[in-house]
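Bear in mind the structure is a predicted one, so any value in this text is a computation, not a measurement. Just so we're on the same page: letters track the sequence lines, and every chain starts at 1.
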Amino acid sequence: MTTLSRLWLSLCLLLALATASFAQSWSRAYEEGLTAARAAKWLEAREAFRQAMAYRPEDASLPTLLPGPPTERRRWRDGAPYSPSFLAAYALYRDALTQPTDKHGDPLRIAGAELESLLDKGQPSREAFYFLDLIYERLGDGSKRTAIAERYAKEASRIKWRVDTEIVTPEEMAAITAMANPLGTTIVRAGDLAPTNSGTATPGRVAPIVTKFALVIGNAETSLTPLAVPHAASDARRMKDALVTNAGYPEENVTLILNGTGEQIQTAAQALAARIPNEATVLIYFAGAGANLAGADYLAGTTATSVTDSKGMVAKSELYRLFMAKGARIFAFFEAHRPIADGRYFGSEIPLAGSIAQVQGTLPGESVTSQVQNGQTTGTFTGAVVDVLSDLKSNRIPILEFGWQVFYKIRRGSTGTTGGGSRQTPTLPVLTNLASDARF
Amino acid sequence: MNSSKLAAVGAGLFAAALASAQVPDVLTALDAGGRSMGAGGALGATNADTLSSFLNPAGLGYLTKAQIGITYRNLPQSRTSLTGSYERPNRNTRGDRGDNAITHFGYAFPFARLGGTLALSYTLGGYIDDTAVTGPGVGLPSDSGAFTVGNFTERRRARADYYTLAYGRTNASQTLSYGVGVTYLQQLVEYSQSGESIPAGSFSPFALDSNGGGVGLIAGVQYSPPRTPNVSVAASLMTPIDLSGNGDTSAFYDRVPGRALVGIAARRDGLRSNQDYLVMGSQVEYYFEGRGNLAFDRTDQTGLGVGLEYGYGLGSATLPIRVGYRALSSGGLDYGTRNAFTYGIGYRPRDGRYGIDLSWSKPQGGGSDLGISASYRF
């Protein structure tokens, strides 16, 4: 056999080996899990992550080096951690949230056990602690919540383990980040909060600041019945009063729209944007029906007739754009139901540009609730916002601290200073190009 | 003059050449340039860029973005001093720098759905340009004393231009990549002798040239063990290429040797507080089953390259610094080795969108090589 023939034979054998190697791999299963999770197909995602674990069992905090030419540093998913165990548990937790209360116990317990096993394996991450706290809260297991909190307190300073947070919601990430970066503000540290007063309003108005403006919208009337917020208009009035009285917004700078059409909202926003100076502070409040179409959030006007058609709606990004053109810092608060449909929900659009803080009245997949205050039905979220504004009575409120106070106000009302619980969980502010202590 | 008669004439000049230094043999083994040139050519088989289409198509499988690449370097040249007799001259060759030229241009693009990457390239794979002369006023007498060729000049020049279409892809876990390609070779061969015949009529100057062509196949594999993804082993094979349309020079050079490459490279990250990396490589090249005579005599030829690349992190970019050694054996009668230390430096932004490399070397037989290459991904 000539040299050439031997060489060709060897090469052919290697090629045969190559073609036989087109097997399913851990990375493909993992990617399938991420894709399913993005579509909110949580059980499918969990199965895919478990399939990835079958090929590659252990989670990895450090980047995964891919095979290939040594002259190129090739890292899987740009250096992201490999976290199939964590994500399988997270997917089960998210699926449990979609189940009725009487059916979510078992999946939550399983997810909790899986997350606890990661801690026991020496893979403590803030994300695992955060979701364990939420899981035990939903299960009503106070002793386990306490145990997790104590364990976190002991280990927090040593936590270095990274998990893949690709499919964790921005609101959850904001809360986890807040865990890792306590504010250190001069007002109150998050986590050991005490109200500054008992809830009784202080007479007189907070000194207004002329560069603060607000667009307050309350749409109780809507054809989108499942998304209706019946108390939206009254909530918007309360919000306006609170901003003027307790937050330093000049009354002439606050535009109130009650039961407006999409066109009316757009026109009012344009008029307000024309009035504001450069780099003003703009607060946008919306109570009503919201929808997410093709990844973009829309505020429904009273004439909107379908959640799949933007006719009669105003794009949230369009509202932002009007004020961004003047370099405004925007602080936006939304009281709207957030059901998940085809993997989409209102509030999932996070702006990439501008200086914007967004706070949602509830978590994805959840609905906003109401309660009776002073004989009037009020949104739980708006009621908490108004109460905190009253407590703080300041015209320079740091946004993240405000978010925490609203969070605890919903959980505790004005009934105490520790513990607490609620069926509605507002999100912490999701910040775009804004510091945690940016003030509104 | 037909080939056989020419062979009879030329044989005398090459029968038993006594040489102190011979023509550096890059007739089929020219380093076309690029990143690997600065590292002794040791990373050619394991690299992944447009040159992979020519060196090892398996490397194409690792390209995930469309890429263009170009290299520009000097072509080797040599000058030989002839003494002794016409039939058995003493040759003393000194290497030199020749003209500059684009020695590679390639375009590679991955298929998003089908998978794998296709590349089209031009590569200068071999080059010889030697002028052999006697000293001023010195002739080459025949052994019998019957004649002398005064002011004798012999020129041999060959150039191998490869136009390659190649495809490479990896398996699902990317531990193995394979590639195949077809290459069309355009082989220029020029050979001439001139001088004054003393007495007249005993020696006739002549010049021959041809531009033959042929088709060859290239195939290659590259493997990274799953447990050590920072190590890569690669091998490729290019078939010998029979030339056609090469007229009067077919007696000199009729089949371009095939080439087998085997290389290994390893990478170490995490140096200098995780800012730097080191890549070390080694490559063996073997040229075989060529067919040539006299001025273009071909026997099997072996080359070895060792080298390293140290990537110095600058924050937003990396500065690769390279050093290596390439040793090429003689591949034919009257050809010599070409051994050289090589050096290189480059620049790559962190996102790897483009790269610029400068390489140079100083072969032991004289002359120097300087090449610049650039690549861009989009």
Asks: So which part of B:Arg268 gets closer than 4.5 Å to some heavy atom of chain A, the side chain, the backbone, both or neither?
Replies: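 Neither part.
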Asks: Got a sec, which residues hit salt bridge (charged side-chain N to carboxylate O under 4.0 Å, His left out) with B:Asp357, two or more places apart in sequence or on another chain?
Replies: B:Arg322, B:Arg348
Asks: Could you have a look at B:Gly59, B:Ala48, B:Ala234 and say which one has the most heavy-atom pairs with chain A under 4.5 angstrom?
Replies: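 With the most close heavy-atom pairs to chain A, the winner is B:Ala48.
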Asks: Using non-hydrogen atoms and a 4.5 Å limit, figure out which bit of B:Gln222 sits close to chain A: side chain, backbone, both or neither.
Replies: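 Contact with chain A involves the side chain of B:Gln222 alone.
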Asks: Does the separation of the ring centres of A:Phe131 and A:Phe129 fall below 6.0 angstrom?
Replies: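 No, too far apart.
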Asks: Using the benzene-type ring in the case of Trp, are the ring centres of A:Tyr82 and A:Trp26 under 6.0 Å apart?
Replies: yes
Asks: Is it the side chain or the backbone of B:Asp269 that comes within 4.5 Å of chain A heavy atoms, both, or neither?
Replies: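 Contact with chain A involves the side chain of B:Asp269 alone.
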Asks: Taking only residues two or more places apart in sequence or in another chain, which ones pass salt bridge (charged side-chain N to carboxylate O under 4.0 Å, His left out) with A:Arg77?
Replies: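 Result, salt bridge (charged side-chain N to carboxylate O under 4.0 Å, His left out) vs A:Arg77: A:Glu31, A:Asp164, A:Glu166.
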